[in-house]
Amino acid sequence: MAITDLPPWGRGRDLTTRRSENYNPVLTLHREMNRLFDDAFRGFDVAPFGGSFLEQSMNWPSIEVNESNQDVKVTAELPGLDEKDVQIELANGVLSIKGEKKTETEDKDRRFSERYYGRFERRIPIEDVDQDKISAAFKNGVLTVTMPKLPQAESKVKRIAINSK
């Protein structure tokens, strides 16, 4: 048994340094640090930086944007929230949906949680909508914002015919 077989990160690895024209010690250190963090977080079912839970919490709430000739609809899933917990604003061509989801129990009583709590904000760029006719509805934890398009927005689209030769 070799000494490199004892630590878990040494199994099956050749620890000799390769000196060649492509050798970069900073890149080697970077790879080894990434491997170290991967090994440390492997048992938690979460990638260390940019893993599934972190990505989900950064993109919460989930949204859907639909556009027709008449309007733009933004739908956001906000389970566990009431209308009073959510604010909607349209400023400078950006629709902002923000609010806060508060915890129902104290941290001392919580053993484990995968639920998301805290402040959130989603920003969606929106163009050519009639700001005076925007409406919002909140039902069963789903927020729907309907924004009618301006009449000149429909005229901005120009269809181009394809000529066959």
Side-chain angles (χ1 to χ4, degrees), residues 1-68 71-129 134 136-147:
M1 175 184 282
I3 192 80
T4 58
D5 290 334
L6 293 176
W9 58 82
R11 293 185 187 122
R13 287 217 164 116
D14 182 17
L15 297 178
T16 58
T17 341
R18 293 185 175 97
R19 296 283 179 190
S20 69
E21 59 274 352
N22 294 333
Y23 177 73
N24 184 338
V26 175
L27 187 57
T28 302
L29 176 65
H30 179 72
R31 285 186 190 133
E32 287 301 308
M33 291 301 293
N34 283 343
R35 183 197 49 76
L36 177 69
F37 279 103
D38 289 343
D39 288 346
F41 286 96
R42 184 172 291 127
F44 295 105
D45 196 29
V46 174
F49 304 106
S52 61
F53 180 72
L54 182 61
E55 287 173 359
Q56 286 176 349
S57 65
M58 290 174 60
N59 290 328
W60 194 85
S62 299
I63 62 167
E64 180 177 275
V65 180
N66 295 311
E67 183 175 4
S68 68
D71 59 16
V72 176
K73 285 188 182 181
V74 176
T75 307
E77 293 180 347
L78 300 165
L81 291 174
D82 294 324
E83 292 177 38
K84 62 180 173 43
D85 299 326
V86 181
Q87 295 176 332
I88 309 163
E89 297 175 352
L90 180 64
N92 301 322
V94 177
L95 178 72
S96 297
I97 301 172
K98 52 187 166 182
E100 182 175 8
K101 184 175 181 182
K102 296 182 176 135
T103 181
E104 294 134 10
T105 61
E106 293 185 29
D107 285 337
K108 65 179 181 153
D109 298 331
R110 186 178 303 134
R111 293 186 64 191
F112 177 76
S113 177
E114 291 182 346
R115 298 176 70 190
Y116 176 78
Y117 297 103
R119 294 183 184 269
F120 63 88
E121 182 172 2
R122 292 296 303 264
R123 296 173 163 264
I124 303 113
I126 303 292
E127 295 178 353
D128 301 326
V129 295
I134 296 175
F138 194 86
K139 183 177 179 182
N140 296 331
V142 177
L143 172 70
T144 304
V145 181
T146 305
M147 299 165 281

Practice task
Could I get the full list of side-chain contact (heavy atoms from CB on, under 4.5 Å) partners for E100, not counting sequence neighbours?
Solution key: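 Residues passing side-chain contact (heavy atoms from CB on, under 4.5 Å) with E100: K102, R119.
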Problem - side-chain contact (heavy atoms from CB on, under 4.5 Å) against R123, all qualifying residues, sequence neighbours excluded - result: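 Once residues adjacent in sequence are excluded, the partners of R123 under the side-chain contact (heavy atoms from CB on, under 4.5 Å) criterion are V94, S96, E121.
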Show me the side-chain donor-acceptor pairs of residues 71-88 shorter than 3.5 Å, one per line, residues at least two apart or across chains.
from	atom 1	to	atom 2	distance (Å)
D71	OD1	S68	OG	2.9
D85	OD2	D82	N	3.1

Practice task
Report the distance from atom CD1 of I97 to atom CD1 of I63, rounding to the nearest 0.5 Å.
Solution key: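 It comes to 6.5 Å.
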Exercise for the section: Kindly compute the distance separating OG1 (T28) from CE (M33), expressed to the nearest 0.5 Å. Expected result: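 Taking OG1 in T28 and CE in M33, the distance rounds to 13.5 Å.
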Handout entry: V129 vs L90 side-chain heavy atoms within contact, under 4.5 Å
Key =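 V129 vs L90: side chains touch.
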